[in-house]
Student: 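Please find one structure pasted underneath; my questions will follow.
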Amino acid sequence: MAPLAQVARQHNLNILTYADDTQLILSLTKDPRTAKTNLHEGMKSIAEWMRNSRLKLNSDKTEVLILGPTPSAWDESWWPTALGTPPTPSDHARNLGFILDSSLTLSKQVNAVSSFCYNTLCMLRRIYKWIPTETRRTVTQALVSSRLDYVNALYTGIPAKDLLRLQRIQNTSARLILNVPRHSHISHHLRNLHWLPVDKRITFKLLTHAHKALHDTGPAYLNNRLSFYTPACQLRSINLALAVVPHIRRKTSGGRSFSYLAAKTLDTLPTNLRQTQDLLTFRRLLKTWLFDQ
């Protein structure tokens, strides 16, 4: 699959691959006409490479997802006629098990997680009365909590009603583990399980990625998004480990971007926490700080 990436980059197409899952990423904001030409010519080159490799491009399994305010930018002319019927833009697409929708509300992802988790909890409820508490906790964390935590940094900024739905799943899980009545207060039970609430778990994951990006231990596409603040002259803030918060134009999209939200959230941490360079120590202190908030 390595030569495929080289073919795509020859036409200025960004490419992401995971096993046999290949994604082409193209920005339409700067020069839509050039972007259209790049995609058109790039797809023809990719189809030619696949034919030479005795592979076939299946247009029926090809999805197009347009993110942004211009969903009508796509038309049939973007797709080479020699490759078959052009795909119709989808309102959502599954990316390694995570559902992205065209407006990035993530409501379809929350629906899918809620359905899976409640079905799992319903099945577990039938057997939990014969299982010790510690085993209940292990099974629930493996089957339910792991689904809530999967790439949960992407949930940053989602509507409060969807965040509440995810929190209810965690509450139900805690009640099932500890055999707590349905309408009882749950906060101290979550603390006894040493579980951060869902919103703080999202913040924890976001700040973990931010720490890795600032110390160049994360992936390159995140490392390039964050940098430490360096004043023009020698000020006291030079040693405070503050991150640069970029200027944004739109709160709905720019306000939820990693470069803005991670930097802004990181700058609210105590100074000693921001200055911690070791990742494991940072995570331990961060979790303690979040519990105290």
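Residue numbers start at 1 and run along the sequence shown. Heavy atoms only: backbone and side chains are in, while hydrogens, waters and symmetry mates are out.
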Student: Who pairs with Lys108 by side-chain contact (heavy atoms from CB on, under 4.5 Å), at least two apart in sequence or on another chain?
Tutor: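 side-chain contact (heavy atoms from CB on, under 4.5 Å) list for Lys108, sorted by chain: Asp91, His92, Ile99.
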Student: May I have the step-by-step check of side-chain contact (heavy atoms from CB on, under 4.5 Å) for Phe204 and Asn152, ending in yes or no?
Tutor: CA-CA 10 Å; Phe204 179 83; Asn152 59 342; over 6 Å; no
Student: Find out whether Ile202 and Leu163 are in side-chain contact, i.e. whether some heavy atom of one side chain is under 4.5 Å from a heavy atom of the other.
Tutor: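 Yes, close enough: below the 4.5 Å cut-off.
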Student: Can you sort out the partners of Asp149 under salt bridge (charged side-chain N to carboxylate O under 4.0 Å, His left out), two or more places apart, ordered by chain and number?
Tutor: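 By the salt bridge (charged side-chain N to carboxylate O under 4.0 Å, His left out) rule, Asp149 matches Arg201.
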Student: If Ile, Leu, Val, Met, Phe, Trp and Tyr residues are connected whenever their side-chain heavy atoms lie under 4.5 Å apart, and connections chain through other members, are Leu106 and Val113 in the same group?
Tutor: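 Yes.
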Student: Looking only at non-hydrogen atoms, find the nearest pair between His211 and Thr276 and report the distance.
Tutor: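 Nearest heavy atoms, His211 then Thr276: NE2-O, 2.9 Å.
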Student: If you group Ile, Leu, Val, Met, Phe, Trp and Tyr by side-chain heavy-atom gaps below 4.5 Å, do Trp195 and Leu143 land in one group?
Tutor: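 In one cluster: no.
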Student: Is it true that, when you exclude Lys264 itself, more than 12 heavy atoms of the residues, nucleotides or ligands shown sit nearer than 6.0 Å to its NZ?
Tutor: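 No, the 6.0 Å shell around NZ holds no more than 12 heavy atoms from other groups.
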Student: Using a strict threshold of under 4.0 Å (side-chain N to carboxylate O), is an ion pair present between Arg51 and Glu48?
Tutor: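 So Glu48 does not pair with Arg51 through a salt bridge.
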Student: In sequence, state the C-alpha distance, the side-chain angles, and the governing distance for Ile169 and Arg147, and then conclude on side-chain contact (heavy atoms from CB on, under 4.5 Å).
Tutor: CA-CA 11 Å; Ile169 296 173; Arg147 185 59 67 99; over 6 Å; no
Student: According to the interplanar angle, ranging from 0 to 90°, do the rings of Phe228 and His215 count as parallel (below 30°), tilted (30 to 60°) or perpendicular (above 60°)?
Tutor: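 Perpendicular.
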Student: First locate atom CG of Leu242, then atom CD of Gln275, and finally report the distance between them rounded to the nearest 0.5 Å.
Tutor: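 Taking CG in Leu242 and CD in Gln275, the distance rounds to 9.0 Å.
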Student: Of the non-hydrogen atoms in Arg125 and Thr172, which two are nearest, and what is the gap between them?
Tutor: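 Scanning both residues, the minimum pair turns out to be NH2-CG2, 4.1 Å.
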Student: Is the ring pair Phe258/His209 parallel, tilted or perpendicular, if the boundaries are 30 and 60 degrees?
Tutor: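 Ring orientation of Phe258 relative to His209: perpendicular.
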Student: Tyr128 and Thr140: side-chain contact (heavy atoms from CB on, under 4.5 Å), yes or no, with the steps?
Tutor: CA-CA 10 Å; Tyr128 264 15; Thr140 303; 2.6 Å; yes
Student: Tell me if the OH atom of Tyr150 is crowded by more than 12 foreign heavy atoms within 6.0 Å.
Tutor: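 Above 12, so yes.
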Student: Do Gln167 and Ile186 make a side-chain contact, defined as non-hydrogen atoms from C-beta onward lying under 4.5 Å apart?
Tutor: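 Gln167 does not reach Ile186 side chain to side chain.
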Student: To the nearest 0.5 Å, what is the distance between CZ (Arg94) and CG (Leu65)?
Tutor: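 Separation between the atoms: 13.0 Å.
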Student: Does the Asp267 side chain pair with the main chain of Ala243, one donor and one acceptor, at a distance under 3.5 Å?
Tutor: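 Yes; at least one donor-acceptor contact below 3.5 Å.
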Student: To the nearest 0.5 Å, how far apart are CG in Leu166 and OH in Tyr155?
Tutor: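 Separation between the atoms: 5.5 Å.
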Student: I would like to know whether Val64 and Thr88 meet side-chain contact (heavy atoms from CB on, under 4.5 Å); could you show each step before the answer?
Tutor: CA-CA 7 Å; Val64 174; Thr88 303; over 6 Å; no
Student: How close do Leu104 and Leu100 get, heavy atom to heavy atom, and via which atoms?
Tutor: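 Result for this residue pair: CD2-CD2, 4.3 Å.
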Student: Counting N and O atoms only, with roles assigned by atom type, does the side chain of Thr281 sit under 3.5 Å from a partner on the main chain of Gln277, one being a donor and the other an acceptor?
Tutor: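 Not confirmed, Thr281 side chain does not pair with Gln277 backbone.
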Student: Can you confirm whether Thr265 sits close enough to Thr156 that some side-chain heavy atom of one is under 4.5 Å from a side-chain heavy atom of the other?
Tutor: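 Sidechains of Thr156 and Thr265: no contact.
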Student: With a 4.5 Å limit on heavy-atom distance, are the side chains of Cys117 and Val144 in contact?
Tutor: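 In contact.
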Student: CG of Asn111 to CZ of Arg165: how many Å apart, nearest 0.5 Å?
Tutor: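 Asn111 atom CG to Arg165 atom CZ measures 4.5 Å (nearest 0.5 Å).
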Student: Return the minimal non-hydrogen interatomic distance between Ala8 and Leu24, and the atom names on each side.
Tutor: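 Closest approach of Ala8 to Leu24, heavy atoms only: CB-CD2, 4.0 Å.
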Student: Can you get from Ile131 to Leu121 by hopping between Ile, Leu, Val, Met, Phe, Trp and Tyr side chains that sit under 4.5 Å apart?
Tutor: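 Yes, Ile131 connects to Leu121 through the hydrophobic network.
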Student: Less than 4.5 Å apart, any side-chain heavy atom of Arg256 and any of Ile158?
Tutor: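 They are in contact (side-chain heavy atoms under 4.5 Å apart), so the answer is yes.
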Student: At what distance, to the nearest 0.5 angstrom, does CG of Asp101 lie from CD of Gln109?
Tutor: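 Taking CG in Asp101 and CD in Gln109, the distance rounds to 9.5 Å.
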Student: Using a 3.5 Å cut-off and no angle test, enumerate the donor-acceptor pairs between side-chain atoms of residues 282-293 and protein atoms at least two apart in sequence or in another chain.
Tutor:
| residue | atom | partner | partner atom | Å |
| --- | --- | --- | --- | --- |
| Thr288 | OG1 | Arg284 | O | 3.1 |
| Gln293 | NE2 | Trp289 | O | 3.3 |

Student: Using side-chain heavy atoms (C-beta onward) and a distance below 4.5 Å, is Asn95 in contact with Tyr18?
Tutor: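 A side-chain contact is absent here, since even the closest heavy-atom pair is not under 4.5 Å.
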Student: With the 4.5 Å side-chain cut-off for hydrophobic clustering, are Leu16 and Ile46 part of the same group?
Tutor: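 No; tracing contacts between hydrophobic side chains, which count when under 4.5 Å, never links both residues.
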Student: Donor-acceptor check, side chain of Gln170 to backbone of Leu196, threshold 3.5 angstrom: yes or no?
Tutor: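 Answer holds: yes.
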Student: Looking at every non-hydrogen atom in both residues, tell me the closest pair between Leu13 and Gly42 and how far apart they are.
Tutor: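 Closest pair (atom of Leu13, atom of Gly42, distance): CD1-CA, 4.0 Å.
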Student: Atom CD1 of Ile177 and atom CZ of Arg137: how far apart are they, to the nearest 0.5 Å?
Tutor: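 That separation rounds to 7.0 Å.
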Student: Would Leu269 and Leu226 show up in the same hydrophobic cluster when neighbours are defined by side-chain heavy atoms closer than 4.5 Å?
Tutor: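 Linked, Leu269 and Leu226 end up in one cluster.
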Student: Quick one: does Thr208's side chain get under 4.5 Å of Leu279's, heavy atoms only?
Tutor: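 Side-chain contact under 4.5 Å: yes.
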Student: Check for a donor-acceptor pair, side chain of Arg175 on one end and backbone N or O of Ser184 on the other, with a separation under 3.5 Å.
Tutor: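 Answer holds: yes.
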Student: Could you tell me if the side chain of Leu214 sits less than 4.5 Å from the side chain of Arg274, heavy atoms only?
Tutor: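 No, every pair of side-chain atoms sits at 4.5 Å or beyond.
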Student: Is a side-chain donor or acceptor of Ser45 paired with a backbone partner of Glu41 at a separation under 3.5 angstrom?
Tutor: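 Side chain of Ser45 to backbone of Glu41: a pair is present.
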Student: Taking all atoms of both residues into account, what is the closest heavy-atom pair of Asn223 and Ala213, and its distance?
Tutor: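 Taking Asn223 first and Ala213 second, the nearest heavy atoms are OD1-CA, 3.2 Å.
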